[in-house]
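First the structure, in the form of structure tokens, and then the observations on it.
Numbering of residues begins at 1 and proceeds along the displayed sequence.
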Amino acid sequence: MDHRFVGIPELADVPRVAVVVDVMRAFTVAAWVFARGAEKIVLVTSDAEALALKGSRSGWLALKDGAPARGFDTVNSPGLIRSLDLAGRTVVQRTTAGTVGAVAVASAPLVLCASFVVAGATARFVKTEGPGPVTFVVTGDDGHAAEDVACVEYIGQHLDRGDAEVAPYLHRARTSRAAADLAEGVRRGYQGVHPDDVDLCLEVDRFPFAMVARQEDSLTVLRPVAAPESDFTTARRNHHRGAPGLLPEAGPDAGPVTA
């Protein structure tokens with residue numbers, strides 16, 4: 001399948017199929033938000049818009065990257081999100097890269113948001129539903145973030161050959177500047193980052209769904225969608241479920257979130 005890679009600044013036209021990638025951490029967090037039971041995520045590009053939407057809709061929650069901030073319910077950290085009970089909730093997500101990239105291509109006929117945790121499902125969904133050439137939007141570092149480029153190339157290999165050896169791609173992501181910055185944040189005790197964030201961002205095919213963004217009432221709304229299964233991804237996901245130190249995708253041990 002034909003595909004190309006671009007950064008957000010290089011988006012000059014509306015693609016037919018857009019796969020927007022943010023590994024560390026926006027679309028790893030989004031997948032965990034759905035795994036914890038949320039109905040949908042509204043993607044926005046500013047703190048003000050996030051807070052305005054939360055304030056105008058009963059029961060909606062808001063999260064952003066960086067440190068905890070007044071008015072926001074949680075932060076853009078998979079290690080922190082994985083312990084929340086988000087059953088049935090709508091979450092407004094604002095980040096500096098991932099959500100900006102998704103909103104930039106929101107008018108495309110098909111938009112998916114992706115990271116390593118949904119890489120295989122994303123590739124299988126595009127193969128089944130994609131109507132044309134695929135534009136991968138690399139959101140980090142103006143299109144040069146090593147972890148995003150690695151994920152894009154890994155998904156591209158899936159589109160071309162049906163599978164790919166993941167280890168080289170994960171190595172590039174684990175040794176990226178973004179991973180180093182998260183590790184440094186943990187060492188310095190920064191709020192908004194969890195010690196498990198990098199590992200959680202690199203759990204390939206943790207989840208069986210893809211994530212599709214559509215325009216709904218002038219909002220860019222992300223929802224999980226079923227993707228064709230494969231024996232390989234089923235086995236990989238079962239391995240993750242049995243891994244020590246990880247919470248199940250849903251369950252009574254999740255902490256409540258109040259707004």
Side-chain angles (χ1 to χ4, degrees), residues 1-35 38-46 49-50 53 63 65 76 90-143 145 147-149 151-156 158-159 201 205 207-228:
M1 181 177 289
D2 291 342
H3 50 264
R4 64 182 179 127
F5 308 160
V6 300
I8 297 173
E10 300 169 287
L11 287 167
D13 52 14
V14 178
R16 294 187 64 183
V17 179
V19 177
V20 187
V21 174
D22 189 326
V23 172
M24 295 183 186
R25 295 167 285 172
F27 298 140
T28 301
V29 165
W32 272 102
V33 166
F34 291 130
E39 177 186 353
K40 63 180 182 286
I41 299 172
V42 179
L43 306 174
V44 300
T45 60
S46 72
E49 184 180 5
L53 284 170
L63 72 83
D65 51 10
N76 193 54
T90 294
V91 176
V92 184
Q93 184 183 28
R94 189 274 184 193
T95 70
T96 55
T99 65
V100 173
V103 171
V105 294
S107 60
L110 178 61
V111 179
L112 293 99
C113 296
S115 63
F116 278 113
V117 297
V118 293
T122 300
R124 295 192 304 276
F125 188 87
V126 169
K127 278 187 169 182
T128 303
E129 304 291 339
V134 179
T135 296
F136 286 98
V137 183
V138 179
T139 60
D141 196 19
D142 289 332
E147 71 283 359
D148 292 344
V149 173
C151 186
V152 162
E153 292 179 358
Y154 177 66
I155 297 173
H158 266 276
L159 292 177
C201 289
D205 297 333
F207 303 114
F209 52 80
M211 301 185 295
V212 173
R214 297 186 176 93
Q215 293 296 100
E216 300 181 15
D217 298 325
S218 76
L219 300 175
T220 303
V221 177
L222 188 67
R223 296 180 186 270
V225 295

Specify the closest pair of heavy atoms between Val23 and Cys151, including all atoms of both residues, with the distance to one decimal. CG2-CB, 3.6 Å
Sub-4.5 Å side-chain heavy-atom contact between Val134 and Ile155: no
Run the side chain to side chain contact (heavy atoms under 4.5 Å, CB included) test on Val21 and Tyr154 for me, step by step, so that the C-alpha distance in whole Å, both residues' side-chain angles and the decisive distance to 0.1 Å come before the verdict. CA-CA 11 Å; Val21 174; Tyr154 177 66; over 6 Å; no
Going by heavy atoms in the side chains, are Ile8 and Val137 under 4.5 Å from each other? yes
Are any non-hydrogen side-chain atoms of Arg94 and Thr96 less than 4.5 angstrom apart? yes
Minimum-distance pair of heavy atoms, taken over all atoms of Ala121 and Pro208: CB-O, 3.5 Å
Closest heavy-atom pair and its distance - Val14, Ala108: CG1-CA, 3.6 Å
Does Met24 offer a backbone N or O that forms a donor-acceptor pair with the side chain of Thr28 under 3.5 Å? no
Is Val100 close to Thr139 at the side-chain level, that is, under 4.5 Å between some pair of heavy atoms? no
Point-to-point distance, once rounded to the nearest 0.5 Å, from OG1 of Thr99 to CG of Asp65: 7.5 Å
Shortest non-hydrogen contact from Asp205 to Gly120? OD1-N, 2.7 Å
Are Val118 and Phe27 side-chain neighbours, meaning at least one heavy-atom pair lies under 4.5 Å? no
Could you tell me whether Asp13 and Arg4 have a side-chain N and a carboxylate O separated by less than 4.0 Å? yes
Rounded distance (nearest 0.5 Å) linking atom CD of Glu147 with atom CZ of Phe116: 9.0 Å
Can you confirm whether Arg16 sits close enough to Pro133 that some side-chain heavy atom of one is under 4.5 Å from a side-chain heavy atom of the other? yes
Quick one: are Gln93 and Leu43 in side-chain contact, heavy atoms under 4.5 Å? yes
Using the rule side-chain contact (heavy atoms from CB on, under 4.5 Å), only one of Val91, Thr220, Thr90 pairs with Val42; which is it? Thr90
Could you check Leu222, Val221, Val111, Leu110 and say which one makes a side-chain contact (heavy atoms from CB on, under 4.5 Å) with Val212? Leu110
Decide yes or no on side chain to side chain contact (heavy atoms under 4.5 Å, CB included) for Val105 and Thr135, but give the supporting numbers first. CA-CA 10 Å; Val105 294; Thr135 296; over 6 Å; no
Looking only at non-hydrogen atoms, find the nearest pair between His158 and Ala123 and report the distance. CB-CB, 3.5 Å
Parallel, tilted or perpendicular: which describes the rings of Trp32 and Phe207, with under 30° parallel and over 60° perpendicular? perpendicular
Closest non-hydrogen atom pair between Ala114 and Val19, with its separation: CB-CG1, 3.9 Å
So, the side chain of Arg25 versus the backbone of Asn76: is there a donor-acceptor pair under 3.5 Å, distance only? yes
Heavy atoms, side chains only, cut-off 4.5 Å: are Phe136 and Asp148 in contact? no
